[in-house]
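Each remark here refers to the structure printed beneath this line.
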Protein chains: 4
Amino acid sequence: MRTDTTPGLDARKQPRQARSQATVDAIFEATIQVLLAEGLPRLTTIRVAERAGVSVGTLYQYYPQKQALLFAVLQRHLDRVAKTVEDAALSVRGACLAQMVRTIVTAFVQIKTENLAESRALFAVAAELDSREYVLTIKERNRAALQAMLETAADARFDDVATVTFMFAGIMIGPIHLLLEGNPSARMLRLLPEQLVSVCLAWLEREARPPLPG
Amino acid sequence: MRTDTTPGLDARKQPRQARSQATVDAIFEATIQVLLAEGLPRLTTIRVAERAGVSVGTLYQYYPQKQALLFAVLQRHLDRVAKTVEDAALSVRGACLAQMVRTIVTAFVQIKTENLAESRALFAVAAELDSREYVLTIKERNRAALQAMLETAADARFDDVATVTFMFAGIMIGPIHLLLEGNPSARMLRLLPEQLVSVCLAWLEREARPPLPG
Amino acid sequence: MRTDTTPGLDARKQPRQARSQATVDAIFEATIQVLLAEGLPRLTTIRVAERAGVSVGTLYQYYPQKQALLFAVLQRHLDRVAKTVEDAALSVRGACLAQMVRTIVTAFVQIKTENLAESRALFAVAAELDSREYVLTIKERNRAALQAMLETAADARFDDVATVTFMFAGIMIGPIHLLLEGNPSARMLRLLPEQLVSVCLAWLEREARPPLPG
Amino acid sequence: MRTDTTPGLDARKQPRQARSQATVDAIFEATIQVLLAEGLPRLTTIRVAERAGVSVGTLYQYYPQKQALLFAVLQRHLDRVAKTVEDAALSVRGACLAQMVRTIVTAFVQIKTENLAESRALFAVAAELDSREYVLTIKERNRAALQAMLETAADARFDDVATVTFMFAGIMIGPIHLLLEGNPSARMLRLLPEQLVSVCLAWLEREARPPLPG
DNA sequence: CATGAATGAGAGTTCATTCAT
DNA sequence: GATGAATGAACTCTCATTCAT
């Protein structure tokens, strides 16, 4: 697929002046609102500017290309997700596996659940932009956070932590996505965390070796 | 999100005459090629027609709207996936759990692996089209096939087959997607099936009750 | 306005073979039906052919250009109108003015009333085609018929028959059109003929001189 | 006939900024020029924009649909006609019938004569657009103006003013149209007003009753 | 003769982007 | 800096017309 199309690709600028932060925020919010209200194909710079209450010209002062704007929105979303995971992982360092799994599962279900519509909309954005690279970066951050966490488990050691982490993440995320992509029933949403904790813990304990004494 | 935009939505026509089947096929192939070579945003009816070696007018005789064309392509892809799963599930009816899991996991990894580029491209298509409904239909077909299979297991009975099936599917699909969304290393691809069989089987056995005697 | 646009302008052909007259008639009817059902902008050769139950190719054998088809339809309509007027005028030769006016008014109201929708639709056709010339021919036929009639009036002679005829026609047609262009009320339609006879007769008698004795 | 085709039908915007009024005017003028020079079928948005010296995009900023543009042009024309009639009718309130008829006939001949080409072109526009409703509005304005005028006649009262007004308008307009639709000879154009005054006045006097004394 | 698949110019319309004010 | 009128390339879609079968 052609990826060299855009000259200056994702050349995005950060808000330069602190006092114009409000404008940037407004544009940001407007973008997501338009995305949710109209869908990606109808998301135009003019529409975003209108909803943000600024002129197109102004918008272009901060995001010199439409893609830059979209990329920025996507980026913020992904960063928040990564941050949440990292925080959760950090908060249970040194705990036992059970504790870890419970915390992480809760955090994941939480993020995925709360901004469902936004996530879906941004999914289309990620598919259209050539954002694979950035998405991979985020995934790697998540993976690293989980692995670092697992390595501090009070009650287990792993021979191949990388693989264990990978499977852990996969097993946890699979059912969540499956559920969210459908029309999640309340019952299933209620049952899910418990079941997830169950599988993940089972898997981790199966792969775990007793911790080194001392 | 506005979804009522298109009057006559996905009103697509089937090829009417046998002799013009070639044209339809050419358009189909061209669509996928353009999708892969240029990406969705650059997929225009003119480009597809050009690559198919027909005129735009001809293209519109078969797919009276661009969306209809994309939808048809997406549909064929999803149908093939569903068919593969159904076939696999049918082929192991009455077998033991271990056999079932091994067959299904192999089939899944197979489908997801072989047309990776096409799948990714169609993902963007699915995101842009309002194809959720159809995707759900396919998911349901898959779920039904798996559940029907599990119900015939020679060595197990389940109290809540629906939930078990759901978790089974989720657990299996999670790591596959996780791997494919990254840049799958050969080693991981090799390890994956075995690991998947491991987790899935563990989970199913955990939830299983001994089969009714006789 | 450019009128030289079409090479071969209104080069229309008459049905060549008696046995294919049915086809021509079908096309004819179909044209009017499409015109009424869809409007001129949506009248396409394919749609007409479909409704006529023939293929486009066949249609083009009889009307080698879309305009030719439209022109033919318009022509037939106008010819019928002219014929009706001529017949009416002929039938009262030698009668008294009162008789003449009554007959002609009745005939006019009749033609204009009966195919109102068709007339309106053909109006758009006439406006789009460059049919002024032909319309003028028809008007002249009507005028000639009326004038010839008036010249045989048993109870009147006119100094300037041409002008009298012109005013007679104008006076009669004005209110009719005015009524039909609006949403004619039943009451008005009932009153109209009587009133028209009234004005026209009054005018003609005012302009008339006693007939030459003998 | 399908009239529901256009979503947002004649949704047209008025020029928003004073400084861009020039642009709107240019587009307006260009539309009429193209209409006269090329005819309705060749009137395309691109051609109008070109002649107006603006880009298509600009044109669409003011008239978001081609029909909106045409409708606006038609509207202005009709409004002018109605205004002229109303002014004439107002100016002779309270006068005698003869005076009224002379004034109105003069006004009508005047309007119809001066922009003959424009009127003809707009006729085609009216036929293609679904403008019947608006045309009826204008007709009603004219009718109301005439009726109001007649009711103030110094030397006459009418039993059924509505019908009288209707016939008056019809009688007057019939010969005018008849003449203009042909190739009006200078002689006829000269004679016309006098003849019209004659018929109309005759008719009105015939229907009139003496005014109430005092 | 009839068919209808194929053509392709050209229509209406949108929208990212620029730049004079 | 902010504005929004102006741009014009590019897109989707239509339809009169042709011609191999």
Side-chain angles (χ1 to χ4, degrees), chain A residues 6 16-17 19-20 23 41-50 53-69, chain B residues 6 15-17 19-24 41-50 53-69, chain C residues 6 16-17 19-20 23 41-50 53-69, chain D residues 6 15-17 19-24 41-50 53-69:
Chain A
T6 24
R16 292 177 258 203
Q17 304 262 339
R19 61 176 164 168
S20 60
T23 304
R42 289 178 57 85
L43 184 147
T44 69
T45 50
I46 286 185
R47 258 190 272 266
V48 168
E50 260 172 7
V54 299
S55 69
V56 225
T58 301
L59 187 155
Y60 270 82
Q61 226 130 44
Y62 295 100
Y63 299 97
Q65 279 167 240
K66 190 193 175 189
Q67 297 199 353
L69 171 61
Chain B
T6 23
R16 291 179 256 202
Q17 301 258 339
R19 64 173 162 171
S20 60
Q21 183 67 41
T23 303
V24 178
R42 288 178 58 85
L43 184 147
T44 69
T45 49
I46 287 185
R47 257 190 273 268
V48 168
E50 260 171 7
V54 300
S55 69
V56 226
T58 299
L59 186 156
Y60 272 86
Q61 227 145 39
Y62 296 100
Y63 299 97
Q65 278 167 243
K66 189 192 174 188
Q67 296 197 354
L69 172 60
Chain C
T6 25
R16 289 176 260 204
Q17 303 262 340
R19 60 176 166 170
S20 60
T23 304
R42 287 177 59 85
L43 184 147
T44 69
T45 50
I46 287 185
R47 256 189 273 267
V48 168
E50 260 173 7
V54 298
S55 70
V56 225
T58 300
L59 186 155
Y60 270 82
Q61 226 130 41
Y62 295 101
Y63 300 96
Q65 279 168 240
K66 191 194 175 187
Q67 297 199 353
L69 171 61
Chain D
T6 21
R16 291 178 255 204
Q17 301 259 339
R19 64 173 161 170
S20 61
Q21 182 67 42
T23 304
V24 178
R42 288 178 58 85
L43 184 147
T44 70
T45 50
I46 287 185
R47 257 190 273 269
V48 168
E50 260 172 7
V54 300
S55 71
V56 226
T58 300
L59 186 156
Y60 272 85
Q61 227 144 40
Y62 297 98
Y63 299 96
Q65 280 167 243
K66 189 193 175 188
Q67 297 197 353
L69 172 60

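Numbers restart at 1 for each chain; the letters A, B, ... are given by sequence-line order, proteins then strands. Owing to the predicted nature of the structure, the values given are computational and were not obtained by experimental measurement.
Between the P atom of F/dA5 and the OH atom of D/Tyr63 lies a distance of 14 Å, rounded to the nearest Å. Atom P of nucleotide F/dA6 and atom CD of D/Gln61 are separated by 7 Å, given to the nearest angstrom. Rounded to whole angstrom, the span from the CD atom of D/Gln65 across to the P atom of F/dT12 amounts to 19 Å. Computed from coordinates, the D/Tyr62 OH to E/dT14 C1' distance equals 17 Å when rounded to whole Å. As rounded to whole Å, 8 Å separates atom P of E/dT13 from atom CD of D/Gln67. When rounded to the nearest whole Å, the span between CG of A/Leu59 and P of E/dA16 equals 10 Å.
D/Thr23 has no side-chain polar atom (N or O) that falls below the 4.0 Å cut-off from OP1 or OP2 of F/dA5. Within the 4.0 Å cut-off from OP1 or OP2 of F/dA2, not a single side-chain nitrogen or oxygen of A/Tyr60 is found.
For A/Pro64 against A/Tyr62, the heavy-atom pair with the smallest separation is CD-O, 3.6 Å. Nearest heavy-atom pair across D/Arg42 and D/Arg47 is O-NE, 2.7 Å. Of all non-hydrogen atoms in A/Leu59 and A/Ala49, the two that sit nearest each other are CD1-N, 3.9 Å.
In this structure, E/dT14 and F/dA9 make a Watson-Crick or G-U wobble pair, each of the two defining distances being under 3.5 angstrom. Across all strands shown, F/dT21 forms a Watson-Crick or G-U wobble pair, both distances under 3.5 Å, with E/dA2.
Once rounded to the nearest 0.5 Å, the distance linking CD of D/Glu50 with CD1 of D/Ile46 reads 7.0 Å.
With D/Tyr63 as the partner, the side-chain contact (heavy atoms from CB on, under 4.5 Å) test is satisfied by one option alone out of D/Val48, D/Thr45, D/Leu69: D/Leu69.
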Might you list the N or O atoms of the protein lying below 3.5 Å from N or O atoms in nucleotides 8-11 of chain E, with each pair's distance?
from   : atom 1 : to      : atom 2 : distance (Å)
E/dA11 : OP1    : D/Arg47 : NH2    : 3.3

